[in-house]
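The next block holds one structure in the form of structure tokens; read it before the comments.
Within every chain, numbering begins at 1; the chains are lettered A, B, ... in the order of the sequence lines, protein sequences first and strands thereafter.
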Amino acid sequence: MAKFAKNVDPKAVAEKQAANVMKQMQGKTLPSVGTVRNYEERLKIVAQHINAEFKCGLRDLTVVQAHQYLTDRALEVGQKTLDMERQAIQTMMQNVTGKLGQTEKLEVIKSEKLQILSSRSYTPEQVQMVVNAQTERNALSTEIAYAAGLRAHELHTLLPRDEREPSDRPALAEKFSGRDGVIYTIDGKGGLIREVLIPKDLADKLETRRLEQPTHIVDRGVNYLSHYDINGGNRWSSSYSTASNRALNWSAGAHGVRHSYAQERMSELKKVMPYEKALKVVSQEMGHFRPEITEVYLR
DNA sequence: GATGACTTCAACCAATGCCG
DNA sequence: CGGCATTGGTTGAAGTCATC
């Protein structure tokens, strides 16, 4: 009895079960750090539910019970979260508990909640209002991300062009045409190094924050080596959202400035070239492998 | 010493994006 | 076009720092 006393918290129990399962995944071909974090997080939620509903531990979960759980869960969360939980359970069953063979899969369940896909972009004036509601350090990150179309985490990976070679990717001559500034590189999604263009005045401000020694930064469990004293990742994203709510009474998230970049570049380029060509140029500037991805930024 | 502006963290949920 | 991997958004609690 006494030895269970410290484990009466259901959340703590579920957390431990998820952690143990993930530990047993070591040695398998593990996905990225961020994905591992997602799996563990989702498995913790799954464990909490099934501990209560089925009175069993996480690794006792059967295929039939998993199906039952996901079907119930479809009423509570959206498709993406439901997918993540199914994948996490599936990976556990394939690699740890053996309830599924390596090629066997769980049935895909449809969420009952429909997702609303509305525009996330900000006008230049709106971005300026958000910038004004942030401290100088966060404001600089916002201005750079907006001017160069960066993802939040990419702010932690900035480096001048002459200090790092970009990945070998096709590039049209029209890349960055109509704008000028200083070329930097960033380490993007999936390890793709790409060139980005930062206006001169912002590049100057950025260089005043250059560090003598690069500093180690952890964001959402992922390690970065930042060469500048600027914010990025979830800290900047959080700052942006709260500042947006203060200034505008709404927020579409920091990623909204990347949507703005895409839309502004498209309207600039469409004046001097056909739509298809413009889309191709913008997709290269944003580090997309295919132009169709860029189109989701235009809605 | 209360209040508000601002930042950070952790936990939960969702969108983005590649590829078969 | 769907499955799956990777990245981002929101929220509440808590901390710092002015300001009154």
*asked:* If the condition is salt bridge (Lys or Arg N to Asp or Glu O under 4.0 Å), which residues does Arg209(A) pass it with, not counting sequence neighbours?
replied: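 For Arg209(A), the residues satisfying salt bridge (Lys or Arg N to Asp or Glu O under 4.0 Å) (neighbours in sequence not counted) are Asp229(A).
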*asked:* Distance to the ring centre below 6.0 angstrom and angle to the axis at most 45 degrees; does that hold for Arg169(A) and Phe289(A)?
replied: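 Satisfied, under 6.0 Å and within 45°.
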*Of Arg73(A), His67(A), Glu85(A), which meets side-chain contact (heavy atoms from CB on, under 4.5 Å) against Ile109(A)?*
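Single pass found, and it is His67(A).
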*Using a cut-off of 4.0 Å on non-hydrogen atoms, how would the nucleic acid contact of Tyr240(A) be classed: base, sugar-phosphate, or nothing?*
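Touches nothing.
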*Under 4.0 Å between any heavy atoms, over every strand shown, what does Arg86(A) touch: base, sugar-phosphate, or nothing? Just pick one.*
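The residue Arg86(A) makes sugar-phosphate contact but no base contact.
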_For Gly78(A) and Ser239(A), find the nucleotide of DNA chain B closest to each by heavy atoms; which residue's nucleotide sits nearer the 5' end?_
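Nearer the 5' end of the strand: Ser239(A).
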*Residue whose nearest DNA chain B nucleotide is more 5′ - Asn138(A) or Gln79(A)*: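 The residue whose closest nucleotide sits nearer the 5' end is Asn138(A).
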_salt_bridge(Glu163(A), Arg210(A)) N-O dist < 4.0 Å_ =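 Yes, charged N to carboxylate O under 4.0 Å.
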_Presence of salt bridge, Asp201(A) and Lys205(A), under 4.0 angstrom_ =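 No, this pair does not count.
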_One pair to check against salt bridge (Lys or Arg N to Asp or Glu O under 4.0 Å): Glu285(A) and Lys175(A). What are the steps and the verdict?_
CA-CA 6 Å; Glu285(A) 292 178 359; Lys175(A) 191 166 82 164; over 6 Å; no
*asked:* Between His288(A) and Tyr297(A) (judged by ring centroids, cut-off 6.0 Å), do the two rings come close enough to count as a pair?
replied: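 Ring-ring flag for His288(A)/Tyr297(A): true, centres closer than 6.0 Å.
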*Are the ring centres of Tyr184(A) and His227(A) closer than 6.0 Å?*
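Not under 6.0 Å, so no.
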*Reading DNA chain B 5' to 3', which nucleotide is the first, and which the last, to come under 4.0 Å of any heavy atom in chain A?*
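The contact span of chain A on DNA chain B goes from dC6(B) to dC19(B).
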*Taking NZ from Lys80(A) and P from dC4(C), how many angstroms apart are they, rounded to a whole number?*
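After rounding, the gap between these two atoms is 12 Å.
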*Base, backbone or nothing for each nucleotide of nucleotides 6-18 of chain C, written B, S, -, heavy atoms under 4.0 angstrom, 5' to 3'?*
BBBBBB-------
